[in-house]
Trainee: 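For reference, the structure I am asking about is given below.
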Amino acid sequence: MSAIEDEDPRIHGIRTKIRVVPDFPKPGIMFQDITTLLLEPKAFKDAIDMFVERYKGKNITVVAGIEARGFIFGPPIALAIGAKFVPLRKPKKLPGEVIYEEYVLEYGRDCLEMHVGAVEAGERALVVDDLIATGGTLCAAINLLERAGAEVVECACIIELPDLKGREKLSGKPLHILVEYRRG
């Protein structure tokens with residue numbers, strides 16, 4: 001499900017603030033740059049508000065943000081819905097004991113780590129990132145949280161690249177997005 005289907009008037013303002021950068025970080029990639037969205041307080045607030053409206057009252061106890069852009073959207077959502085924020089980080093960024101999950105993304109391989117004990121069995125989790133492309137990063141996040149015993153309620157992203165079919169790799173987990181970007 002996405003906000004596109006709901007025809008929320010805030011979507012246009014969000015969509016127009018996202019810059020597309022061709023051939024970044026390598027040739028053939030059309031990079032969706034949300035830093036331009038962050039420069040526009042109304043559009044940025046609208047994006048956060050739309051997620052908060054969706055998740056308030058859903059008994060979510062954990063908002064897990066994927067490094068790095070999930071760290072921008074996750075904490076304000078967590079605070080607004082009364083959940084804790086758990087950072088899912090790139091390798092060797094967290095002190096102490098971690099669990100990790102390797103994954104493949106559109107233009108390479110990577111790994112996510114989470115502190116052991118950050119999430120307890122039975123907690124209800126929301127995974128937040130800026131974008132879903134091939135789905136590898138979100139799948140890794142889901143696997144980490146489920147290995148810790150959490151129930152992943154939904155994944156939330158600002159942008160989806162539906163042509164890359166990442167949604168299909170989420171093992172049936174719901175995905176909520178605000179903006180679709182189709183190639184071509």
Side-chain angles (χ1 to χ4, degrees), residues 1-40 42-55 58 60 63-74 76-77 88 90 101-112 125-146 151-184:
M1 174 182 267
S2 74
I4 296 164
E5 296 164 2
D6 301 335
E7 298 182 30
D8 189 302
R10 297 173 287 188
I11 293 299
H12 177 74
I14 293 166
R15 181 182 290 113
T16 61
K17 302 305 180 226
I18 298 168
R19 174 175 62 165
V20 179
V21 181
D23 299 320
F24 183 83
K26 68 183 223 178
I29 303 294
M30 298 297 286
F31 186 81
Q32 307 294 305
D33 182 15
I34 55 92
T35 62
T36 50
L37 170 68
L38 304 176
L39 296 173
E40 297 291 335
K42 181 181 180 345
F44 183 23
K45 183 178 184 318
D46 284 347
I48 297 296
D49 287 350
M50 290 181 75
F51 287 129
V52 169
E53 290 162 13
R54 180 172 181 83
Y55 300 112
K58 300 281 192 211
I60 292 170
V63 174
I66 297 173
E67 185 170 341
R69 292 172 295 276
F71 293 3
I72 296 168
F73 299 99
I77 295 167
L88 305 180
K90 303 294 182 182
E101 186 76 24
E102 293 181 354
Y103 62 99
V104 176
L105 39 93
E106 185 180 6
Y107 46 85
R109 298 185 63 78
D110 216 336
C111 181
L112 284 180
L126 169 67
V127 179
V128 176
D129 203 359
D130 67 324
L131 176 138
I132 178 172
T134 62
T137 310
L138 287 178
C139 286
I142 291 166
N143 290 342
L144 273 176
L145 292 161
E146 289 181 344
E151 172 194 355
V152 176
V153 175
E154 192 163 87
C155 298
C157 297
I158 301 292
I159 305 161
E160 179 180 14
L161 305 179
D163 297 338
L164 297 177
K165 302 185 185 316
R167 181 185 291 261
E168 296 171 11
K169 297 177 186 164
L170 298 182
S171 303
K173 296 290 181 208
L175 170 66
H176 182 70
I177 59 116
L178 300 183
V179 175
E180 284 184 353
Y181 176 80
R182 294 192 181 271
R183 293 180 175 190

Trainee: Check whether Glu67 reaches the backbone of Lys90 with its side chain - one donor and one acceptor, N or O, closer than 3.5 Å.
Mentor: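 Yes.
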
Trainee: Any idea which heavy atoms bring Ala141 and Leu88 closest together, and the distance?
Mentor: CB-CD1, 3.5 Å

Trainee: How long is the straight-line distance from CD1 of Ile72 back to CD1 of Ile77, given to the nearest 0.5 Å?
Mentor: 11.5 Å

Trainee: Might you point out which heavy atoms bring Gly28 and Asp23 nearest each other, and give the distance in Å?
Mentor: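 That would be N-OD1, 2.8 Å.
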
Trainee: What heavy-atom pair brings Pro76 and Ile48 nearest, and what distance separates the two atoms?
Mentor: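 Answer, listing the atom of Pro76 first, then Ile48: CG-CD1, 3.7 Å.
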
Trainee: Say whether, by atom type as modelled, one donor and one acceptor occur between the side chain of Lys169 and the main chain of Thr134 under 3.5 angstrom.
Mentor: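 Yes, because the side chain of Lys169 sits within donor-acceptor range (under 3.5 Å) of the backbone of Thr134.
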
Trainee: Charged N to carboxylate O below 4.0 Å: is that the case for Asp46 and Arg10?
Mentor: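 Arg10 and Asp46: not salt-bridged.
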
Trainee: Give the minimum heavy-atom separation between Phe31 and Phe24, together with the two atoms involved.
Mentor: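 Between these two residues, the closest heavy atoms are CB-O, 3.2 Å.
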
Trainee: Thinking salt bridges, do Glu154 and Arg54 make one under a 4.0 Å N-O criterion?
Mentor: yes

Trainee: Roughly how far, to the nearest 0.5 Å, is CG of Leu38 from CZ of Phe73?
Mentor: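 These two atoms lie 5.0 Å from each other.
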
Trainee: Atom CG in Leu131, atom CG in Asp33: separation rounded to 0.5 Å?
Mentor: 11.0 Å

Trainee: Out of curiosity, Leu178 CG to Ile159 CD1, how far, rounded to the nearest 0.5 Å?
Mentor: 9.0 Å

Trainee: Would you mind telling me which of Met50, Glu40, Lys42 makes a side-chain contact (heavy atoms from CB on, under 4.5 Å) with Ile14?
Mentor: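 When side-chain contact (heavy atoms from CB on, under 4.5 Å) is applied between Ile14 and each of Met50, Glu40, Lys42, only Met50 qualifies.
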
Trainee: Out of curiosity, Ile18 CD1 to Ile34 CD1, how far, rounded to the nearest 0.5 Å?
Mentor: 8.5 Å

Trainee: Report yes if some heavy atom in the side chain of Arg19 is under 4.5 Å from a heavy atom in the side chain of Thr35; otherwise report no.
Mentor: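 Arg19 reaches Thr35 side chain to side chain.
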
Trainee: What's the shortest heavy-atom distance between Ala43 and Gly13, and which atoms?
Mentor: CB-O, 3.9 Å

Trainee: For residues Leu161 and Ala133, report the shortest heavy-atom separation together with the two atoms involved.
Mentor: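 So the two residues come closest at CD1-CB, 3.9 Å.
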
Trainee: Residues two or more places apart in sequence or in another chain: which of them pass side chain to side chain donor-acceptor pair (under 3.5 Å) with Asp49?
Mentor: Lys45

Trainee: Can any side-chain N or O of Gln32 pair as donor or acceptor with the backbone N or O of Met30 at less than 3.5 Å?
Mentor: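 Indeed, once roles are kept as given, a pair shorter than 3.5 Å links the two residues.
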
Trainee: Determine, for Glu146 against Lys173, whether the closest basic-nitrogen to carboxylate-oxygen distance falls under 4.0 angstrom.
Mentor: yes

Trainee: Between atom SG of Cys139 and atom OH of Tyr103, what is the distance when rounded to the nearest 0.5 Å?
Mentor: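 Cys139 atom SG to Tyr103 atom OH measures 11.0 Å (nearest 0.5 Å).
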
Trainee: Check whether any side-chain N or O of Thr36 sits under 3.5 Å from a backbone N or O of Lys17 as a donor-acceptor pair, and report yes or no.
Mentor: yes

